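Here is the structure we will look at.
Every value quoted in this text rests on a predicted model; they were computed, and no experiment measured them. The sequence lines fix the lettering, A, B, ..., with proteins before strands; numbering per chain opens at 1.
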2 protein chains.
Amino acid sequence: MVTVATWNINSVRLRLDQVERFLAEQQPDVLCLQEIKVAEHLFPHAAFERMGYVHRAVHGQKGYHGVATVSKLPLTELSRHDWQDNGEARHVGVEVGGAGKGLLIENVYIPAGGDEPDREVNPKFGQKLDFLERMAHWADTVDRPSLIVGDFNVAPLEHDVWSHKALLKVVSHTPVEVEALERFRIAHGWVDLGREYVPADQKSFSWWSYRNKDWKASNRGRRLDHMWASPELAPQARGHRALTECRDWERPSDHIPLVTRFEL
Amino acid sequence: MVTVATWNINSVRLRLDQVERFLAEQQPDVLCLQEIKVAEHLFPHAAFERMGYVHRAVHGQKGYHGVATVSKLPLTELSRHDWQDNGEARHVGVEVGGAGKGLLIENVYIPAGGDEPDREVNPKFGQKLDFLERMAHWADTVDRPSLIVGDFNVAPLEHDVWSHKALLKVVSHTPVEVEALERFRIAHGWVDLGREYVPADQKSFSWWSYRNKDWKASNRGRRLDHMWASPELAPQARGHRALTECRDWERPSDHIPLVTRFEL
DNA sequence: GCATATCCGG
DNA sequence: CCGGATATGC
């Protein structure tokens with residue numbers, strides 16, 4: 001059994017104790033972090049080392065973005081795609097297990113895309129759409145069982161947001177983004193593991209804004225974080241959980257972790 | 001018996017619990033704070049109210065400087081001298097006790113004066129010297145028993161700094177500042193209460209830089225904070241303490257509080 | 001709201 | 001090193 005987790009941590013240095021608590025409690029074999037907000041040489045390697053996560057692929061930068069995949073199992077870093085072609089650290093791809101026959105794990109932080117859902121007035125939105133198109137193009141070439149996880153910054157389904165109607169024009173849930181993400185999904189036939197375990201007609205969220213003073217009471221969440229498996233891999237998933245309780249920890253990330261077990 | 005304290009708190013909002021702990025433990029009748037770093041309307045009045053310091057004279061500004069005198073005993077605000085004539089909040093004068101026959105308490109935050117001890121290249125140093133000259137001029141007019149306390153940003157005596165020789169050209173201990181402060185002292189005949197209780201041949205500090213990682217081990221302190229009494233008042237002082245232990249509290253101010261008891 | 005960045009002041 | 005300030009991103 002191999003357990004894989006993903007978490008947009010919103011500064012790994014500021015929330016090191018929370019990462020440690022999560023790892024101690026959940027003991028995943030692999031953890032994919034997004035928004036580590038730190039350059040590789042300042043990544044808290046020692047803390048992960050202590051926790052047994054001695055294999056790491058860290059693709060960071062100063063202050064913004066950045067992803068890291070840490071693992072108890074041997075890992076080989078295979079790729080750092082720059083789907084925006086602007087140098088931002090938003091992806092790292094690894095293989096866990098034997099070379100050529102292990103599991104590919106793609107860790108991605110898709111751009112948020114700014115406020116205005118119009119590429120003419122908001123270039124960030126255009127970059128997000130381009131990012132998704134390039135991901136779709138890449139997905140076409142994926143020919144091995146893979147898992148792609150991370151903060152996709154898109155809530156594709158109606159019940160992935162607290163109000164479908166209210167969010168149709170809000171970046172993360174606009175039809176143009178959802179369609180671009182769906183093209184990416186189709187390009188490889190990715191299976192949305194979250195929705196394998198929570199039916200599509202039930203609300204399911206992974207992110208709640210800091211701006212709502214009582215996130216639980218208002219529950220204006222979105223499902224922005226995802227774990228998608230190749231068609232061959234998806235049937236091997238044995239359990240998937242979204243750890244909502246972490247949103248209630250002291251000084252939490254605005255995202256919660258997702259955890260999936262696989263019988264490989 | 002009336003107990004008066006002074007403390008450069010380096011942001012009163014950030015260190016409210018420390019102020020509360022200090023007040024609970026020491027129970028001074030009057031506390032003079034410097035560097036409150038807050039405008040008057042955002043001063044944490046309620047917390048002081050709860051602690052019984054229901055009489056307050058707050059002269060604050062946004063972000064920088066600012067002084068406040070809080071008291072359990074009735075207090076009348078009498079003056080806000082602007083010895084720099086630039087609008088900075090660096091002084092508040094009050095009378096504690098009956099009008100015209102109470103104790104005058106002057107709370108002052110003398111400018112730090114920048115890095116270069118040369119008014120030609122560093123205007124802040126010139127402003128500091130001018131501030132001291134204007135204080136001396138004012139002191140000439142003081143004709144009632146008074147106590148002047150605060151962060152003077154000058155360590156006048158040889159053993160007010162960790163190394164007299166090393167600091168002779170460092171702002172806070174240069175001869176020109178020490179002479180200006182001495183002119184101010186002479187102008188009213190102020191008595192340096194700190195040195196009434198710790199002989200001048202012993203090291204005595206009230207401030208240790210944040211930049212020294214182990215302030216206690218290196219002990220590179222300076223005595224920048226003072227309580228000076230009018231000649232008639234000084235003999236009524238019954239005890240004076242510098243609370244060095246506060247420098248070891250969590251996230252401390254770089255200054256420690258001074259406390260004097262008076263038998264009035 | 002929260003967490004960077006950079007700047008200024010001490 | 002540690003506070004503020006402002007700006008930007010999410």
B:Lys203 atom NZ: more than 12 heavy-atom contacts under 6.0 Å = yes
Just wondering, more than 12 heavy atoms not from A:Glu250 lying within 6.0 Å of its CD?
-> no
In whole Å, what is the span from the [atom1] atom of [X] to the [atom2] atom of [N]?
X        : N      : atom1 : atom2 : value
B:Lys128 : C:dG10 : NZ    : C1'   : 11 Å
B:Arg90  : C:dG9  : CZ    : C1'   : 10 Å
A:Tyr109 : D:dC10 : OH    : P     : 6 Å
A:Asn10  : C:dA3  : CG    : C1'   : 6 Å
A:Leu224 : D:dG9  : CG    : P     : 19 Å
A:Leu42  : C:dA3  : CG    : P     : 18 Å
A:Glu250 : C:dG1  : CD    : P     : 17 Å
B:Ile9   : C:dG10 : CD1   : C1'   : 15 Å

Taking the side chain as C-beta and beyond, is there a heavy-atom pair between B:Trp208 and B:Thr244 under 4.5 Å?
-> yes
Are the side chains of B:Tyr53 and B:Leu23 in touch, meaning some heavy atoms are under 4.5 Å apart?
-> yes
5'-most contact on DNA chain C (nearest-nucleotide basis), A:Ile36 vs B:Ser209, goes to A:Ile36
Which part of the nucleic acid does [X] contact within heavy-atom distance under 4.0 Å: base, sugar-phosphate only, or nothing?
X       : value
B:Lys62 : sugar-phosphate
A:Arg15 : sugar-phosphate
A:His65 : sugar-phosphate
A:Arg13 : nothing

Winner on side-chain proximity to A:Lys124, out of D:dC10, C:dG10, C:dA3, is D:dC10
Name the closest nucleotide to the B:Tyr210 side chain, picking from C:dG10, C:dA3, D:dG4.
-> C:dG10
With a 3.5 Å cut-off and just heavy-atom distances, do the side chain of A:Arg251 and the base of C:dG1 make a donor-acceptor pair?
-> no
Is any side-chain N or O of B:Lys213 closer than 4.0 Å to OP1 or OP2 of D:dC1?
-> no
Listed partners of A:Asp130 passing side chain to side chain contact (heavy atoms under 4.5 Å, CB included), at least two apart | A:Arg119
